[in-house]
Every structure is written in structure tokens, then in C-alpha cells.
Amino acid sequence: MINETYTRSESDQHSLNQSFHPSHGEHDHDHDHAASTHAHVHDEESLRRIVNRLSRIEGHIRGIKTMVQESRPCPDVLVQIAAVRGALNRVARVILDEHLSECIGRAAEEGNMEAEIEQLKTALDRFLP
């Protein structure tokens with residue numbers, strides 16, 4: 001049996017951390033809140049559910065990191081990565097559903113549909129492969 005190990009340089013890890021940290025990376029550049037056509041006000045219960053899902057995903061990713069550090073078999077790691085992908089896709093679906101029902105509806109009421117649809121198209125271009 002081959003013992004497979006995974007290593008990541010400190011600079012690679014720093015880059016990864018920056019890209020996923022809310023105060024660093026792409027998020028700040030991709031979604032300028034000042035340029036948004038409406039205030040992002042969402043239902044507190046909905047936000048709580050999304051944050052809880054993301055917290056579970058975060059824990060799952062930490063578990064995958066531990067698997068890699070323990071040199072667990074690649075197929076096991078890949079199965080867990082697939083599970084995280086699925087969970088992220090489900091969160092994205094919830095966010096998209098809410099955006100369509102809440103944000104697009106609000107933009108229609110405010111007469112900002114064209115701008116809101118353009119922002120959605122831009123986001124989908126980056127989100128979809």
C-alpha cells in the first residue's frame with residue numbers, strides 16, 4: 001500500500017486563507033456593497049439557517065484537512081470533498097432562491113430590475129462553470 005501524503009507551503013495556505021476570509025480576497029472586490037442597487041435585508045431566521053449550514057461545512061472542511069494531515073486514503077478524502085461540494089451547492093441554491101424571491105422582487109418594486117439582473121448575471125457567470 002502506498003502511503004500518500006499531502007503538503008502545502010505556508011504561502012499557499014496563506015493565499016487560501018485570504019481567499020476565503022471575509023476581510024480579504026475576492027469577496028471585497030466582487031461585491032461592492034456601496035454599488036449595490038438595494039439594501040440586503042433578509043429574514044433573520046433565513047440568515048441563521050444559512051450561517052448554520054456554512055458552519056457545518058466549515059467543520060467538514062476542517063475534518064478533511066485532518067484526513068489529509070493523517071494521510072488518509074485519497075478516495076476517502078475525495079468522497080468527503082464531494083460531500084462538501086454538494087453542501088456548498090445546496091447553500092448556493094438557498095441563497096439564489098432567496099435572492100430571486102426577495103432581492104429581485106424588491107428591485108422590481110423599486111424600479112431597479114435591470115441593474116439587479118445585471119448583478120445577478122455577473123455573479124452567475126463567476127459561479128457557474
Are [Y] and [X] connected into the same hydrophobic cluster when the rule is that any two of I, L, V, M, F, W, Y join if their side-chain heavy atoms are below 4.5 Å apart?
X   : Y   : answer
V51 : L88 : no
M67 : V79 : no
I57 : L47 : no

When rounded to the nearest 0.5 angstrom, what is the spacing between [atom1] in [X] and [atom2] in [Y]?
X    : Y    : atom1 : atom2 : result
I117 : C103 : CD1   : SG    : 12.5 Å
R53  : I50  : CZ    : CD1   : 8.0 Å
N89  : L96  : CG    : CG    : 11.5 Å
E118 : N112 : CD    : CG    : 13.0 Å
R72  : I64  : CZ    : CD1   : 11.0 Å
S101 : R106 : OG    : CZ    : 9.5 Å

Heavy-atom pair with the smallest gap, counting every atom of A83 and R90:
O-NH2, 4.4 Å

Nearest heavy-atom neighbours spanning M113 and A108:
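Shortest heavy-atom contact: CG-CA, 3.5 Å.
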
Check the pair E45 / R49 against side-chain contact (heavy atoms from CB on, under 4.5 Å), numbers first and verdict last.
CA-CA 6 Å; E45 179 63 20; R49 283 192 309 268; 3.0 Å; yes

For the pair K121 and D125, find out whether any cationic side-chain nitrogen is under 4.0 Å from an anionic carboxylate oxygen.
no

E44/R48 salt bridge by N-O under 4.0 Å criterion
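No.
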
